[in-house]
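Below is one structure, written out as C-alpha cells; comments come after it.
Since the model is a prediction, treat every value here as computed from it, not as a measurement.
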Amino acid sequence: MMDDFVFRAALAGLGVALAAAPLGCFVVWRRMAYFGDATSHAALLGVALALAMDLPVIGGVLVVALAMALIVSTLSEHNVSTDTLLGVLAHAGLALGLVAISLVPGQRIDLSAYLFGDILAVNKGDVLLIWSGAILVALLLLWRWQALLTATLNPDLATASGGHPKREQLILTVALAITVAVALKVVGALLIAAMLIIPAAAARPFARTPEMMVLWAMALGAVAVGAGLLGSFQFDTPTGPSIVTAAAVIFIFSTGLSPLLRTR
Amino acid sequence: MSKLPERYRVSLINTQNLTLGYRGAPVLRDVTFAIERGEIVTIVGPNGSGKSSLLRALIGALKPVSGSVTRADGLRIGYVPQKLHIDATLPLTVHRFLNLPKRQKTDEIQGALLRAGVPELGRAQMAALSGGQFQRVLLARALLGTPDILILDEATQGLDQPGAAAFYRQIEEVRHALGIAVLMVSHDLHVVMAASDRVLCLNGHICCEGTPEIVADAPEYRALFGTGTQGTLALYRHQHDHAHHHSHDHDHTDEHCQ
C-alpha cells in the first residue's frame, strides 16, 4: 500500500494534521497567528540556503525556521505592540526567501512546490520523516501540557506556582519549527499557518475543555485532509490549497453551528 | 503565633534594598520589607507607584535591578493576579482551571470552591462567569495546595462596592479559618486598611509604613490620598475593633513614618 501515491499522500497529510492540531490550538489561544506566518515563511529561506549549500532541505528549513521563531519570540517579549513587527517579519521573511531561491545557481526550482506543497510527490522517506516529526511534536506538547496551559493563561500565575513561562514559550517555539519543517512538503510555506489555525478555530465550538478542542482539531484536520485529497482528484485542483479550502469550509459550518452548541 | 525571639523567626518573604525597574526606568527603589506568618499586609499607593511591580518581584516574575528577594524554603504562594484575561478561543471549565498547573483531587477542588464561596460553579465555563464569580474562582485556585501566603493584586478591580466588600469578607474568613498570611494591593483604601495588621504606602519607594491608624495619620499618606479617608477609617475601626483579634505578636517597633 505504501507504493500507492494516494495512500502515501493521505498518510503524510494525516501526520501533519495530527501535529498541527495541538500546536495550532496554542497558536490560537495565545494569539500567535503572525508568529506561525513568520516562522513558516522563513522556511523558504531555509530551502534556498539548503539548496545553495547542497544540504538536505529539511535540515535548512528546520534551522532557519527555528532561528526565525526564536527571533520573533524574543522580540515579542520586549515590545508592547508586536502586531506590526510580526507582520513585517512575516512578509519580509517570505520576500527574502523568494529572492534567495532565485539566486540559487543551477537547475530551475519548482517554486510552487515549496509555496503550496506537493503532497502527491511524497515518498516513503518523506512519510517517515513527517510522522517522526509529528510524534516528536505530540510528545513534546504532551510532556509539558499542564505547564503550557498554565503559562498560556497567565505567565505570572505560572511563575507564582513554580513554573517557568519562558521555558514553555521555548518549547512551543521548537515545536513550531519542527512542524513547519515537516509540513512544508505537504501544504507549502504559504499554507502551513492555515493548517495550524483553521482546524483549531473550527474545533472551538465543539469543546468545553482544552483537551477536547485538541481532539476535535485533530479530527477536523484529518477530515480536511481527506476531503481536500478527494476534491483535488475530482476537480483536478492543486492538493495543498484544496486541503486548506476543505478546512475553511469546515470552519464556516462549525461557526454556523456554534450558536446551537453554545446552549449546552 | 511564634514566641521565638525575632532573630530565630523566618519571614515568609523578605526583601533587602530591593530596586525594580523596566528597561532602565526605575519604578521602585530601596525597599526593605518582610511579611511574617499569619500577617495581613496591605500595599496602597497611587497608580504607577510600583505596587504591582513589588508583588511581581515577590513571586519571582520580575528580576530585581538591585537588592534581593528571599522566600522561605518551600514557600507555597497562592497568587491572585490583577486581571486574568482568558481568550474566548480557549474552552475552560472552572474544574479544569483549578487543575492547573497540578491536578487536584475532586474533593479538594470542591473544598476550595466552598471556601471561596462558590461551590456550585465547578462545571461552569470560565468565560461565562460574572466579575465577582471570576475573582472567587481565582481565590479558590490560590487556596488549593494549602498556601503559606495569599498574594492578591487589586483583586477587586472591576467589582462594585458591595461586591468588593463581600470579597474582602471572604478573604478575612479564609484567613481566620486557615491562619495564612495575606499580602494585597488595593485601591479600596478604607475597607482594606481597616482589615490589615500593617499598611505599606508606596510611591516609588516606601513612603510610610505601620498600622492603618499610623499610616492614615502620616503626612506622606495624606499628601497622596487627602484626609477624606481618615474619618471613614476611624469609624470602621471603631465598629470592628471587638471582632478583630490578632492571634500573633509580631513587633510593631518600626511603625513610624519617615
Side-chain angles (χ1 to χ4, degrees), chain A residues 22 24-33 77-80 144-168 196-217 251 254-255 258 261-264, chain B residues 13 22-24 52-53 55-63 69 71 74-104 122-128 137-138 141-145 147-153 183:
Chain A
C25 285
F26 279 111
V27 168
V28 168
W29 295 334
R30 297 167 77 110
R31 296 177 177 248
M32 305 192 328
E77 237 169 60
H78 294 288
N79 283 280
V80 186
R144 303 302 311 160
W145 185 250
Q146 288 278 97
L148 280 167
L149 271 181
T150 313
T152 297
L153 281 176
N154 184 300
D156 286 355
L157 205 66
T159 307
S161 46
H164 302 277
K166 280 190 184 155
R167 191 174 64 195
E168 312 310 337
L196 287 172
I197 291 164
I198 301 178
R204 172 64 185 95
F206 299 104
R208 281 180 55 80
T209 59
E211 291 76 17
M212 284 309 289
M213 182 156 153
V214 169
L215 292 179
W216 272 101
F251 170 76
S254 109
T255 310
S258 69
L261 294 165
R262 202 160 290 158
T263 55
R264 282 192 309 180
Chain B
I13 308 180
Y22 297 94
R23 279 195 274 172
S52 292
S53 302
L55 289 199
R56 295 191 66 223
L58 295 182
I59 63 170
L62 182 62
K63 282 217 174 71
V69 176
R71 284 176 288 271
L75 182 74
R76 284 183 305 263
I77 298 174
Y79 177 62
V80 179
Q82 187 170 29
K83 52 177 179 250
L84 181 63
H85 170 77
I86 294 188
D87 200 275
T89 57
L90 177 58
L92 197 63
T93 60
V94 169
H95 193 273
R96 185 67 189 86
F97 174 69
L98 295 179
N99 272 302
L100 292 172
K102 286 196 191 68
R103 299 207 179 260
Q104 308 281 346
R123 289 180 51 79
Q125 281 284 313
M126 292 294 289
V137 169
L138 287 184
R141 185 188 172 281
L143 291 173
L144 280 168
D148 305 296
I149 179 169
L150 271 182
I151 297 185
L152 302 101
D153 191 355
L183 176 65

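If you measure heavy-atom distances from R103(B) to chain A, the contacts under 4.5 Å come from both the backbone and the side chain. In this structure, the portion of A88(B) lying under 4.5 Å from any heavy atom of chain A is its backbone and not its side chain. If you measure heavy-atom distances from L92(B) to chain A, the contacts under 4.5 Å come from both the backbone and the side chain. Neither the backbone nor the side chain of Y22(B) comes within contact range of chain A; no heavy atoms are under 4.5 Å apart. With a 4.5 angstrom heavy-atom cutoff, R31(A) touches chain B only via side-chain atoms.
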- Item | Worked verdict on Q125(B) versus R208(A) for side chain to side chain contact (heavy atoms under 4.5 Å, CB included) | CA-CA 7 Å; Q125(B) 281 284 313; R208(A) 281 180 55 80; 3.6 Å; yes
- Query: Stepwise, does the side chain to side chain contact (heavy atoms under 4.5 Å, CB included) test hold for T159(A) with Y79(B)?
  - Reply: CA-CA 10 Å; T159(A) 307; Y79(B) 177 62; over 6 Å; no
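Looking at every heavy atom in both residues, Q146(A) comes nearest to K102(B) through NE2-C, 3.9 Å. Minimum interatomic distance between P91(B) and P210(A) (heavy atoms only, all atoms of both residues): O-CD, 3.1 Å.
To the nearest 0.5 angstrom, F97(B) atom CZ is 9.0 Å from T150(A) atom OG1. Residue F26(A) holds its CZ atom at 11.5 Å from OG1 of T89(B), rounded to the nearest 0.5 Å.
With sequence neighbours excluded, the residues satisfying side chain to side chain contact (heavy atoms under 4.5 Å, CB included) with I13(B) are I35(B), L58(B), V69(B), R71(B), L75(B), I149(B), I151(B). Applying the side chain to side chain contact (heavy atoms under 4.5 Å, CB included) rule to A203(A) yields the partners M213(A), W216(A), A217(A), L220(A); only residues at least two apart in sequence or on another chain are considered.
When the options L157(A), L148(A), L149(A) are evaluated for a side chain to side chain contact (heavy atoms under 4.5 Å, CB included) with L100(B), the one that passes is L149(A).
Of the residues considered (K166(A), M212(A), E211(A), R30(A)), E211(A) shows the highest number of contacts with chain B, using heavy-atom pairs under 4.5 Å. Counting heavy-atom pairs closer than 4.5 Å to chain A, the top residue among N99(B), L84(B), I86(B) is L84(B). The candidate with the highest count of non-hydrogen atom pairs below 4.5 Å against chain A, out of V80(B), D153(B), D87(B), is D87(B).
Taking 4.5 Å as the limit, every side-chain heavy atom of D156(A) sits out of range of all side-chain heavy atoms of L55(B).
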